[in-house]
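Letters go in sequence order (proteins before strands), and every chain restarts at 1. The figures that follow rest on heavy atoms only: side chains count, while hydrogens, waters and symmetry mates do not.
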Protein chains: 2
Amino acid sequence: MPKQLPLTDLDACCSPLAREPLSEGQAVELSRLFKAMSDPVRLRLLSLIASHAGGEACVCDLTGAFDLTAPTISHHLKVLRESGLVTGERRGTWVYYRVHPEVLARLSAVLVPGEETVPA
Amino acid sequence: MPKQLPLTDLDACCSPLAREPLSEGQAVELSRLFKAMSDPVRLRLLSLIASHAGGEACVCDLTGAFDLTAPTISHHLKVLRESGLVTGERRGTWVYYRVHPEVLARLSAVLVPGEETVPA
DNA sequence: CGTCTATATTGACAGACCTCTAATTAGCTA
DNA sequence: TAGCTAATTAGAGGTCTGTCAATATAGACG
């Protein structure tokens, strides 16, 4: 099962959610990203990676922060990878992860609230 | 960090995800919001409500946009309500939903990517 | 080669989730 | 009161998800 992200609607995207209704395709794409962030462990992993010095973190930097087995961390990293939020690169014995800042920026832009409408 | 209000981590929150690691509590709170947005139907509902004229939408304005039964729409609206993203108010026969813009703004702020670090 | 360490994959299981139909509640109007 | 509509709740069925133990893969090094 090839899990490459097909980036269709998201490319033409990112007028804020509150400005005009999302198309079904946009909603599907965005929901995939939000689902990847819908678990506390994955959110912390994402944050640990994004905020780590040098912009990348080794898996070995991450596992210690959780009371979970290595396979579980690996599973969550895979979900983050397949969502397109992060990439992993093997260098020798270790695997280093870094975030895709454009994806974060895109999500942030989508969530910007629209201007207030005057209450009736 | 001043802790004035008796609420959760989200109140004291919102340094961007990429700036420093999320606390476990912050991650739990945020993951609840992202989970509420992790379904395409709920995302479109949220967008329909947020972008609707007057800042609010009647359930009757929403159901027509989907090939789903009324109970299913109602279920999704409940999830959005319980997450704190929207509120519903009954006025006569109809129920009107509106978004909490502060919550959207908070999420948007959390996702702002950190400044680029110079590649090695 | 063999062995050690760091990650990933597999397979299983309990719990959560999305959708439906059927039943229920809330309000309007006769 | 009864009847009608808008919306929600309850319960069931099938699917998806998070976690683990066991196993496998990749590279470093003697």
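Picking from C:dA8, D:dT17, D:dG18 the nucleotide with the shortest atom distance to the side chain of A:Lys35 gives D:dT17. For B:His76, counting side-chain heavy atoms from C-beta on, the closest listed nucleotide (C:dT7, C:dC18, D:dT8) is C:dC18.
The cationic group of B:Arg44 lies under 6.0 Å from the six-membered ring centre of B:Phe66 and within 45° of the ring axis, placing it in a cation-pi geometry.
Taking atom CZ of A:Arg91 as the reference point, atom P of C:dA6 lies 17 Å away to the nearest angstrom. Atom pair A:Tyr96:OH and C:dA6:P shows a separation of 12 Å (rounding to whole Å applied). One atom, CZ of B:Arg81, and another, C1' of D:dT8, lie 8 Å apart when rounded to the nearest Å. In this structure, the CG atom of A:Leu77 is 10 Å from the P atom of C:dT7, given to the nearest Å. As a whole-Å value, the separation of B:Met37 CE from C:dC18 P is 14 Å. Rounded to an integer number of Å, the gap from A:Glu89 CD to C:dA8 P is 13 Å. Note: CG (B:Asp67) to C1' (C:dC20) measures 14 Å, nearest angstrom. Note: CD (A:Glu82) to P (D:dC16) measures 15 Å, nearest angstrom.
One finds a side-chain N or O of A:Ser74 lying less than 4.0 angstrom from the OP1 or OP2 phosphate oxygen of C:dA8. Regarding contacts with the backbone of C:dC18, a side-chain N or O of B:Arg42 is found under 4.0 angstrom from either OP1 or OP2. Regarding contacts with the backbone of C:dT7, every side-chain N or O of A:His75 stays at 4.0 angstrom or more from both OP1 and OP2. The phosphate of C:dA8 has neither OP1 nor OP2 within less than 4.0 Å of any side-chain N or O from A:Lys78. For C:dC28, neither phosphate oxygen OP1 nor OP2 lies less than 4.0 angstrom from any side-chain nitrogen or oxygen of B:Thr93. Checking the phosphate oxygens (OP1, OP2) of C:dC20, a side-chain nitrogen or oxygen of B:Thr69 falls inside 4.0 Å. For A:Thr72 and D:dC20, the shortest distance from a side-chain N or O to OP1 or OP2 is below 4.0 Å. Look at A:Tyr97 and you'll find a side-chain N or O under 4.0 angstrom from OP1 or OP2 of C:dA8.
Under the 4.5 Å side-chain heavy-atom criterion for grouping Ile, Leu, Val, Met, Phe, Trp and Tyr, B:Leu33 is connected to A:Leu46 within one hydrophobic cluster.
Checked by atom type and distance alone, the side chain of A:Ser47 pairs as donor or acceptor with a backbone atom of B:Leu17 at under 3.5 Å.
Note on A:Glu56 versus A:Arg91: salt bridge recorded, some NZ/NE/NH1/NH2 to OD/OE distance being below 4.0 Å.
At the heavy-atom level, B:Leu68 lies under 4.0 Å from the strands shown only through sugar-phosphate atoms. The residue A:Phe66 sits apart from the nucleic acid: no heavy atom pair falls under 4.0 Å.
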- side-chain contact (heavy atoms from CB on, under 4.5 Å) evaluation trace for A:Lys35 with B:Asp39: CA-CA 7 Å; A:Lys35 185 179 302 188; B:Asp39 180 277; over 6 Å; no
